[in-house]
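Down below is the structure, laid out as C-alpha cells.
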Amino acid sequence: MKLFHGKGVYGAIAIGCVSVFKRQEASVRRTHITDAATELERVENAKSKALEQLSAIHEKALKEVGETHAQIFEIHMMMIEDDDYNDSIRSIIETQMVNAEYAVAVTSDNFAAMFSSMDDDYMQARSADVKDISNRIISCLSDGENSDSESDSRMIICSDDLAPSETVSFDKENVLAFVTAFGSSSSHTAILARNMNIPAVICVGEEFLNDISDGCMMIVDGHKGEVIIDPDEETVAAYTAKQQEDAHRKDLLQQLRGKDNITRDGTRINIFANISGVDGIGAILANDAGGIGLFRSEFLYLESDDYPTEEQQFTAYRKVLESMAGKKVIIRTLDIGADKQIDYFGLEHEDNPAMGFRAVRICLERPEVFRTQLRALYRASVFGELGIMFPMITSVNEVAECPAMCDMVKRELSEEGMPFSDKVEVGIMIETPAAAIISDRLAPMVDFFSVGTNDLTQYTLACDRQNSKIERFVDTHHEAVLRLIEMAAVNAHANNVWIGICGELAADTSLTERFLRMRIDELSVSAPFVLPIREKVRSIDLS
Ligand code: PEP
Ligand code: MG
C-alpha cells in the first residue's frame with residue numbers, strides 16, 4: 001500500500017483499477033526540405049483536419065460539460081488560426097527550409113515557454129493549450145489519428161498530465177477518476193474533470209508514475225487530494241463506507257438543491273460555505289451554498305514563494321466573485337502567524353505564537369502588505385458582492401484602524417481612476433473573548449460580525465488548538481463559548497449588524513437550533529456540510 005498526496009480538483013472517491021494513459025507522442029525529427037510551398041500546404045491541410053476534430057470535441061464537450069466549459073475548444077480553434085502562431089510556423093519553414101512537423105514543434109515550445117513565464121496564472125495555464133493544439137496538428141501531419149482514446153471498462157485514468165481535449169475525449173461513463181502527476185488546478189483539464197463530476201487528483205508528483213501499472217488497484221480521494229496504490233482490505237472497506245456517505249450526500253443534494261434554509265415556523269438563515277482558495281468554488285457551487293462566508297485569503301500567501309502581488313490577488317478575488325455571480329463573498333484579510341508561518345515574512349520565533357504577532361496585528365504593523373491586499377480587494381469588488389473582514393480583533397482601536405486603511409485605499413483608487421464598489425461590507429471576526437465582551441462597542445463600527453469559534457474556543461478555554469494532548473479538555477459546547485456567541489449576537493442585532501458563525505462549530509447540527517434561537521443570521525461551513533445543515537434547519541420548529 002502506498003499513499004501519494006496531490007490536489008483534489010473534484011471531491012469524490014473512486015475505487016478501482018488503473019489504466020495508464022498512453023499518449024502516442026509524435027516524435028518529431030528535423031528534416032531538410034527543398035520545397036517550402038508543399039510544406040506550407042501540408043500545414044494548411046493538417047490545420048483543417050485538426051479544426052474538424054476540435055469541432056467534434058467541442059460538440060461532445062457541449063453535451064457533457066456545458067457551454068461555458070466547452071468554450072476552451074473554441075479557443076483552441078482560434079489558437080490554431082492565430083496569426084502570430086502561424087507566422088512563426090511559416091517563417092521557420094521558409095527561413096530554415098525544414099519540415100512542417102519540426103516547425104510546429106518549435107513554435108509550440110516557444111509559445112508554451114512564453115505563456116509559462118507570464119505572471120498571470122490564467123496565462124500560464126495556456127501553455128498546456130498551445131501544446132495540445134500543436135500535438136494535434138503534428139498528429140494530423142503524420143496522418144495519424146489524434147491520441148483521443150477510449151477505454152471500454154470503468155478505469156482510473158492515470159497520466160503524467162492530460163490535455164483538455166484528452167480529458168474530454170474519454171467516455172465519461174468509463175472513467176472512475178483522473179490522476180495526474182502534474183497539472184494545475186486552474187487548468188482547463190481540472191475544470192473539465194470537475195464539471196464532468198469525475199473524482200480527480202492532480203500534482204501527485206512524478207514518482208507516482210513509477211509505482212503504477214495497468215490493472216493495479218487504486219483509491220482516489222478527491223476530497224483530500226490523496227491517492228492510495230494497492231490498498232489493503234481495511235482501507236478499501238473504510239473508503240467504501242466514505243463512498244456511501246458521499247452517495248447519501250448526493251441524495252440529499254437531489255432533494256434539497258434550491259430549497260430554502262427555513263425552519264418549520266418560517267425563520268430563515270443563510271447557509272454559506274468556507275474556502276481556502278479559488279479551487280474551492282466548485283465544491284461551493286456543487287453543494288448549493290448561498291455564498292462564501294469565509295475565504296481564508298492567507299492561502300494565497302502560503303502557496304506563494306513571495307508576497308503575492310496586487311495583480312495576482314486581484315485576479316484570484318475577481319475569479320471568486322465572478323464565479324459566485326452576485327452571491328455574497330466574504331474575504332478575510334491575511335491571517336498568518338500562529339499555526340500558519342510563511343518564511344518570506346521573516347517573522348521572528350515566538351514562544352507563544354497563537355497569542356503573538358499574527359493576523360490583523362501583522363497587517364497593522366506592515367501597512368504596505370495590508371494596503372496591497374486591500375487595493376486588490378477593492379479593485380475586485382466591482383465583480384460581485386464583496387464583504388471584507390478582519391481577523392483576531394481584540395480592541396476598538398484595531399477596528400478603527402482597519403476602516404481607516406480601507407478609506408485611504410479607496411481614496412487612492414479614486415485618484416487613479418480605478419473603479420470599486422461603494423457597497424462593500426466591512427466586518428470583523430469575533431474570535432477572542434475580548435471582542436465578544438466589547439461587542440456592544442464594536443458593533444456600531446462595522447457592517448457584520450463573523451464568529452470564529454475555533455479561536456474563540458481556544459482562547460476562552462485556554463486550550464491550544466494545535467495541542468492534541470489536551471483534546472479531552474476541549475469542550476466544544478462549553479457554556480462560556482456559547483454565551484460569548486450569544487452576547488455578540490445580542491449586541492449585533494441591537495446595532496442592526498448581522499452576525500454569522502464561520503468556525504467549525506457552525507457545522508455542528510446539535511447546535512443549529514441553539515444558534516437559530518440566538519438569531520444567528522448566517523452559518524458558514526465546509527461545503528459538504530451545507531446540505532446537512534439545510535436539512536437540519538428545515539426540521540426545526542422554533543415556535
Ligand atoms: C476560527 O478561528 O474559527 C476561524 C474561522 O478562523 P481560522 O480557523 O482560520 O483561524
Ligand atoms: Mg481564527
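We count ligands from 1, going down the list as the structure has it; atoms in each ligand are counted the same way.
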| field | Among N261, D265, D260, the one residue meeting side chain to side chain donor-acceptor pair (under 3.5 Å) with T263 | value | D265
| R441: what forms a side-chain hydrogen bond (donor to acceptor under 3.5 Å, both in side chains) with it, not counting sequence neighbours? | none
| field | Cationic N near anionic O, under 4.0 Å, E385 to K328 | value | no
Would you mind telling me if ligand 1 is within reach of the side chain of [X], the backbone, both or neither, using heavy atoms under 4.0 Å?
X    : result
V451 : neither
K340 : side chain
R296 : side chain

| said: Using side-chain hydrogen bond (donor to acceptor under 3.5 Å, both in side chains), reason through Q243 and D246 one step at a time and then give a plain yes or no. | reply: CA-CA 5 Å; Q243 254 183 335; D246 279 356; over 6 Å; no
| query | What protein heavy atom is closest to atom 6 (O) of ligand 1, reported as residue, atom name and distance in Å? | reply | R332 NH1, 2.9 Å
| message | Closer than 2.8 Å to the Mg ion (ligand 2), what protein N/O/S atoms do you find? | response | E431 OE1, D455 OD2
| said: Could you tell me, atom by atom, which parts of ligand 1 come under 4.0 Å of a heavy atom of L294? | reply: 5 (C)
| query | Which atoms of ligand 1 sit under 4.0 Å from any heavy atom of R465? | reply | 2 (O), 7 (P), 8 (O), 10 (O)
| request: Taking the six-membered ring for Trp and the single ring otherwise, decide whether the centroids of F345 and Y307 are under 6.0 Å apart. | output: yes
| said: Evaluate E504 against T453 for side-chain hydrogen bond (donor to acceptor under 3.5 Å, both in side chains), listing each step before the verdict. | reply: CA-CA 7 Å; E504 295 306 304; T453 51; over 6 Å; no
| field | Value rounded to 0.5 Å, distance of NZ in K7 from CD in E303 | value | 6.0 Å
| Minimum side-chain heavy-atom gap L386-F295 below 4.5 Å | no
| Validation row: I485, I501 side chains within 4.5 angstrom (heavy atoms) | yes
| note | Judged by heavy atoms only, the candidate from E504, E298, E431 nearest atom 2 (O) of ligand 1 is E431
| request: Identify, with sequence neighbours excluded, every residue that meets ring pair (Phe, Tyr, Trp, His ring centres under 6.0 Å) alongside F390. | output: F370
| Does R358 reach ligand 1 with a nitrogen or oxygen that is under 3.5 Å from one of the ligand's nitrogen or oxygen atoms? | no
| query | Judging by distance only, is a nitrogen or oxygen of T453 under 3.5 angstrom from one on ligand 1? | reply | yes
Show every donor-acceptor pair shorter than 3.5 Å between a side-chain atom in residues 443-450 and any protein atom, with sequence neighbours excluded, or say none if there are none.
from: D447; atom 1: OD2; to: V426; atom 2: N; distance (Å): 2.7

| request: Would you please determine whether M429 falls within less than 4.0 Å of ligand 1 on a heavy-atom basis? | output: yes
